[in-house]
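Each residue takes its place number in the sequence, starting with 1.
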Amino acid sequence: MDIRKEYLEFFKNKGHEIIPSAPLVPDDATLLFTNAGMVPFKSIFTGDIPRPTPPIRTSCQTCIRAGGKHNDLDNVGYTARHHTFFEMLGNFSFGDYFKKEAIAYAWEFVTEILKLPKDRLYVTVHENDDEAYEIWQKHIDKDRIYKFGDKDNFWAMGDTGPCGPCSEIFYDQGSEHFNSDEDYMGGDGDRFLEIWNLVFMQFERSSDGSMSPLPKPSIDTGMGLERVTAIKEGKFSNYDSSLFMPLINEVARIANLKYEYESGASFRVISDHIRSTTFLLAQGVNFDKEGRGYVLRRILRRAVRHGYLLGIKEPFMYKLVDKVVELMGEHYEYLKEKKEYVKELIKIEEERFLATISAGLDLFNEELKKTKDIFSGEVAFKLYDTYGFPLDLTADMLREKGLSVDEAKFDELMSKQKARAKASWKGSGDAIKESGDFKALLEEFGENEFIGYDNLKSSSKVLALLNSEFKRVNELKNGEIGYVMLDSTPFYAQSGGQCGDTGLLGKNQILDTKKYFGLNLSTIEAKNSIKIGDILPCEVSLNRLEIRRHHSATHLLHAALRAIIGSHISQAGSSVEADKLRFDFTHPKPISKDELDKIEKFVNDQITIGAKAKIEIMDIESAKNSGAIALFGEKYGDQVRVLTLGCSKELCGGTHVENLNEIGSFFIIRESGVSAGVRRIEAVCSRAALNYANELRSELEEIKIALKGANPINAITKLKDEIKSLQNEIKNANSSVELSPTIINNVSVVIGEFNGDIKAKIDEIKNKFDSVVVFLASKKDGKVSIGAGSKNCNIKAGELVKAIAPIVGGGGGGRDDFATAGGKDIDKIPNALNEATNIIKSKL
């Protein structure tokens, strides 16, 4: 039984619109990952944006709980139902149906679609929710309904905002299997398993704690797919279900071990973590030192360490990706496309960690022998800093031994190493979402119309004005900077990487244009005065022509990368301006010079062919079926704009050329790495490309003049050869310098300045004499190097260098027979040589 499909079809037949799973990286600054099915609808529930049409939705949402407030990582693999990655089935009503329908739908699905036995089902409601209590009695016997307080049956989005009582459906797994003192309704045992939570959002909680009824109560539900699947299959652990056992069996095959539940925690950890890792990488999150990428790294390294416990001491996690795609690829098509890319990234990360894990475990075990209760924070930090062990991995290993780590000391050392900047996971939820008057504008006007695809000029009416704090005003006076909402606007709002338009609104300067909750607002500097209702001429800056050329070139670059490097390439970010473009894309290693040349040629060939741009408006499914590329995580409406530019076909709302030959020429400026698994290409076209070519030509002419007309390549090669020859001559001349020894008490003493290879010279001198001490100093590029050596005498080279290095403004040391140091004060070399002489004479 495909429970996902059955659930979504059931609610579709009840009038709900099926919404695809939103990205695991949410559009919410307060969340690290999407951790519940309601997250994509949070702004609707909070009232920040108006309710959608239709106002009832259903989804199967992928979720991650492995960091931040919701961190289930420690329990994963050791309990029956904790996961870092899971799927949440949900149905939602935004001010439409309420308790009666939500309860009826839930009961119908559980008993008639899932066909769970009614005598195994129980329900809980809030102790004060008489309405839900009465409704449930139409479906289930009164003695199977339990009332609980706020702790169990009240849900709130935060300290303030929408909240309300909830009702939970429980499944009795049987007293014959679970009969501890905690196995009762409301207890902590596993007999009564919660499978579905129905949240009745009917109140608004104020900052003073008071609650008032919401004008349009809503429904938010969540049912864990993993739990329901296990129940349907008669399993008492999610890990014994068909969602996990194929992965566990694959781990057992790789490890050449038999899986047994009681001792199989490591198998379960790995089977869970490979799902999280695969989905996060496929959705564009990459291994990193902070933020989401750091959580991803922690998950993978925890799994690798559990593989190590099973005796797997080579990369293996990447081999499990095929099984994840086999199990889930039909539901999440992007897994298939990204499979090889994901495998390569995982293998590289595994190799990095495996290179240090053995030495790290040796250090851990050595410190463990000394540990009674608290593991050293210093050693934990060294495991992190030197061997790549995340702190919670060390804590995880200690937990198995009943020990803990000195986290305070670890944090102190981490702070000393570097002051961390803000976490990299920040979304679009800044203060303006809380304070701006966007909701009022949407309710009064709806989204304003963009007419700038075909018009760079228009006459538009000022619908609204906002001050610098996004509050509505009736007028912007001379010199004030604020925001203007036009009824129809030719100014393109920053989106899809394309920068926002600038220009003129009457005599007022448009400084930028952006979108706020779907509203196209231009930042404006007022001249004289602007008032609501003014009808003013609009004129978009001619920069738009150059911007659209660079935007179209970006599409060609994307197509070139997929054609030449591979279909796993996908956009990871972009920036399109009038004089340059930047394109970030998923790829695990640098692009070679030969590949870059091919990519550049590919784009220029497309420009030369000069195909006309083709724009079609169609529904999202038709667009995807036509072969158009959609960016993962991008929010698209029911109708989308499909842009075909020669060999490129993508969904895009940006502005573009009418014919590819308008782009002119295309040059790649540089290729670089952004983060693990993400590369960046910067390029120019059109006028900027002409400027770039002229600059290169000027530089080449200057080089030719400097080389007196000689062929630059031949002349540079000749100069390099001459420099190398001169360097060898200097080296040989220095090496042949004879330094005469002085004999003191039968010990040969050599002290002097030597501007060659000091180490080689000291070795040469030491080989000439049976008993010798050497001290040499050299200067090069404004720096000092000193070295000492000794053999068969009572002078230690390390002590000699340590004593003299401060004279030349440096420090150093070494072995008894050989030592070196550096310094910065070349004027003090004579002082250093004199002091060396005095020390050596005093000791001999």
Kindly state whether the ring of Tyr239 and the ring of Phe267 have centres lying under 6.0 angstrom apart.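 Distance test on ring centres: not under 6.0 Å, no.
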
What about the rings of Phe11 and Tyr7, do their centers lie closer together than 6.0 Å? yes

Flag the pair Phe41 / Arg51 as yes when at least one side-chain heavy-atom distance between them is below 4.5 Å, and no otherwise.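 No, side chains not in contact.
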
Counting C-beta onward and ignoring hydrogens, is there a side-chain heavy-atom pair between Met201 and Asp220 closer than 4.5 Å?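 Heavy-atom side-chain distance check passes, below 4.5 Å.
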
Write down the atom of [X], the atom of [Y], and the distance for their closest heavy-atom approach.
X: Val125; Y: Trp136; result: CG1-CD1, 3.7 Å
X: Leu441; Y: Ala464; result: CD2-CB, 3.5 Å
X: Ile169; Y: Ala106; result: CD1-CB, 3.9 Å

Are any side-chain N or O atoms of Glu87 and backbone N or O atoms of Cys63, one a donor and one an acceptor, separated by less than 3.5 Å?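 No, because the side chain of Glu87 does not come within donor-acceptor range (under 3.5 Å) of the backbone of Cys63.
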
Students often mix this up, so state it plainly: with edges at 30° and 60°, are the rings of [X] and [Y] parallel, tilted or perpendicular?
X: Phe98; Y: Phe200; answer: perpendicular
X: Tyr105; Y: Phe10; answer: perpendicular
X: Phe192; Y: Tyr122; answer: perpendicular

N-O pairing of [X] and [Y] below 4.0 Å:
X: Lys147; Y: Asp130; answer: yes
X: Lys14; Y: Glu108; answer: yes
X: Arg275; Y: Glu226; answer: yes

Dump the intermediate steps for ring-ring contact (aromatic ring centres under 6.0 Å, His included) on Phe154 and Phe148, then the final yes or no. CA-CA 9 Å; Phe154 195 89; Phe148 292 115; over 10 Å; no

Looking at [atom1] of [X] and [atom2] of [Y], how far apart are the two atoms once the value is rounded to the nearest 0.5 Å?
X: His273; Y: Thr278; atom1: NE2; atom2: OG1; value: 12.5 Å
X: Arg144; Y: Asp172; atom1: CZ; atom2: CG; value: 7.5 Å
X: Phe92; Y: Tyr97; atom1: CZ; atom2: OH; value: 9.0 Å
X: Ser276; Y: Ile64; atom1: OG; atom2: CD1; value: 4.0 Å

Do Phe279 and Tyr332 pass the ring-ring contact (aromatic ring centres under 6.0 Å, His included) test, and can you show the C-alpha distance, the side-chain angles, and the key distance before you say yes or no? CA-CA 9 Å; Phe279 271 83; Tyr332 304 100; 5.3 Å; yes

Run the ring-ring contact (aromatic ring centres under 6.0 Å, His included) test on Phe244 and His83 for me, step by step, so that the C-alpha distance in whole Å, both residues' side-chain angles and the decisive distance to 0.1 Å come before the verdict. CA-CA 11 Å; Phe244 288 94; His83 305 291; 4.9 Å; yes

So among Arg4, Lys5, Lys336, which one has a side chain to side chain donor-acceptor pair (under 3.5 Å) with Glu330? Lys336

List the steps, then state whether side chain to side chain contact (heavy atoms under 4.5 Å, CB included) holds for Arg268 with Tyr259. CA-CA 10 Å; Arg268 295 190 290 275; Tyr259 170 68; 3.0 Å; yes

So Phe178 and Phe236, ring-ring contact (aromatic ring centres under 6.0 Å, His included) or not? Walk me through it. CA-CA 10 Å; Phe178 302 92; Phe236 299 116; 5.4 Å; yes

I'd like to know whether CG of Asp181 has more than 12 heavy-atom contacts from other residues, nucleotides or ligands below 6.0 angstrom.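 Atom CG in Asp181 is not crowded, with 12 or fewer foreign heavy atoms closer than 6.0 Å.
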
The residue among Ile103, Thr111, Val123 that forms side chain to side chain contact (heavy atoms under 4.5 Å, CB included) with Ile140 is Val123

